[in-house]
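Right, one structure below, let's go through it.
Everything numeric here is computed off the predicted structure, so don't read it as measured data. Start at 1 with the first residue, then count along the sequence.
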Amino acid sequence: MKTKIMMIIVWLFVSTCHATPSLNELTLSLKLWLVDPQQTPTHFNVNQGALFANESLNSGGEIHYKQQGEKCIAYAPHRFYDKHTHTIAKALYAHCQVFLSNTKHRNDRDEHGELIDFGKYKPSASNAFILAYSEHVESFSIYQIHGYAKENRKTPEGKKADAIISNGHAIPSKRTIAITACLNEQLDITAMVYGLDVKELGGTTNILASLAPKNSQFFHIELSRQLRERLVSNNQLFKLFNQCLIS
């Protein structure tokens, strides 16, 4: 174990010479942090146990991890764009080991002109941590929270939906269908399964649809503005929502 840690430290020392860290470099840095939390990863600052990207990481990013909790990741990739999604994902972190979020707007660009949209941006701190975490646990779930406005939907089904749940693919998983059924029953809302009930907002172009590790389950969770506002103002509804995802 000590030899492995020393090899990673040498690699990280070399990587600091680069202006922009690669996804692999970030992943190695975060692997070391999971093994030894006292070793602050390159490109990050620690604040109350959480990691926050410093100025050397142009894409930004926020990472919270704790030893206790379910093997799952609560993830808000568009905190400044999809209102209340940060609050909703942070509340889910009470059950999960991990909470991830962006710290820069999805319309910001990196030094190469690429949009820093964490739903599509590959070399992000979030993606790096997900890859590192996948080697730290046997299996896990990723709950990525998004928001939309019903009036902007393109299909009649989308305009009716309070929530659209998918696994990033056209064919839904059994767990995707089960989560949706639970939301409909417990919250008394109109939740739809992408690929079965509705044909939009399925997360099929999301980076995690292809990048999510094989030992993970990715859930792309779209919530209408009305449902997000209800969740953050109704503790009981919030509790039922979390139970549907985790149970």
**Request:** Please identify each residue that fulfils side-chain contact (heavy atoms from CB on, under 4.5 Å) with Lys120, with sequence neighbours left out.
**Result:** Asp117, Thr205
**Contacts of Arg79 that satisfy salt bridge (Lys or Arg N to Asp or Glu O under 4.0 Å) - sequence neighbours left out** = Glu62
**Asked** Quick one: side-chain contact (heavy atoms from CB on, under 4.5 Å) partners of Asn107, sequence neighbours excluded?
**Response** Tyr81, His105
**Item:** Set of side-chain contact (heavy atoms from CB on, under 4.5 Å) partners for Gln38, sequence neighbours left out
**Value:** Asp36
**Asked** What salt bridge (charged side-chain N to carboxylate O under 4.0 Å, His left out) pairs are there with at least one residue in residues 66-77, not counting sequence neighbours?
**Response** none
**Message:** Quick test of your reading: applying disulfide bond (SG atoms under 2.5 Å apart), list the pairs with at least one residue in residues 173-218, sequence neighbours left out, ordered by first then second residue.
**Reply:** Cys182-Cys244
**Message:** Holding to salt bridge (Lys or Arg N to Asp or Glu O under 4.0 Å), I want the full list of residues that pass it with Asp82, two or more places apart in sequence or in another chain.
**Reply:** none
**Qualifying side-chain hydrogen bond (donor to acceptor under 3.5 Å, both in side chains) pairs, either residue in residues 154-183, two or more places apart** = Lys150-Asp162, Thr155-Glu200, Ser173-Thr176
Got a list of side-chain donor-acceptor pairs under 3.5 Å for residues 186-199, not counting sequence neighbours?
{"unit_1": "Asp197", "atom_1": "OD2", "unit_2": "Val193", "atom_2": "N", "d": "2.8"}
{"unit_1": "Lys199", "atom_1": "NZ", "unit_2": "Gly195", "atom_2": "O", "d": "3.1"}

**Residues in ring pair (Phe, Tyr, Trp, His ring centres under 6.0 Å) contact with His78, at least two apart in sequence or another chain** = His146
**Message:** Tell me every residue that passes ring pair (Phe, Tyr, Trp, His ring centres under 6.0 Å) with Phe44, counting only those two or more places apart in sequence or in another chain.
**Reply:** none
**Asked** Partners of Glu151 by salt bridge (Lys or Arg N to Asp or Glu O under 4.0 Å), sequence neighbours excluded?
**Response** Arg225
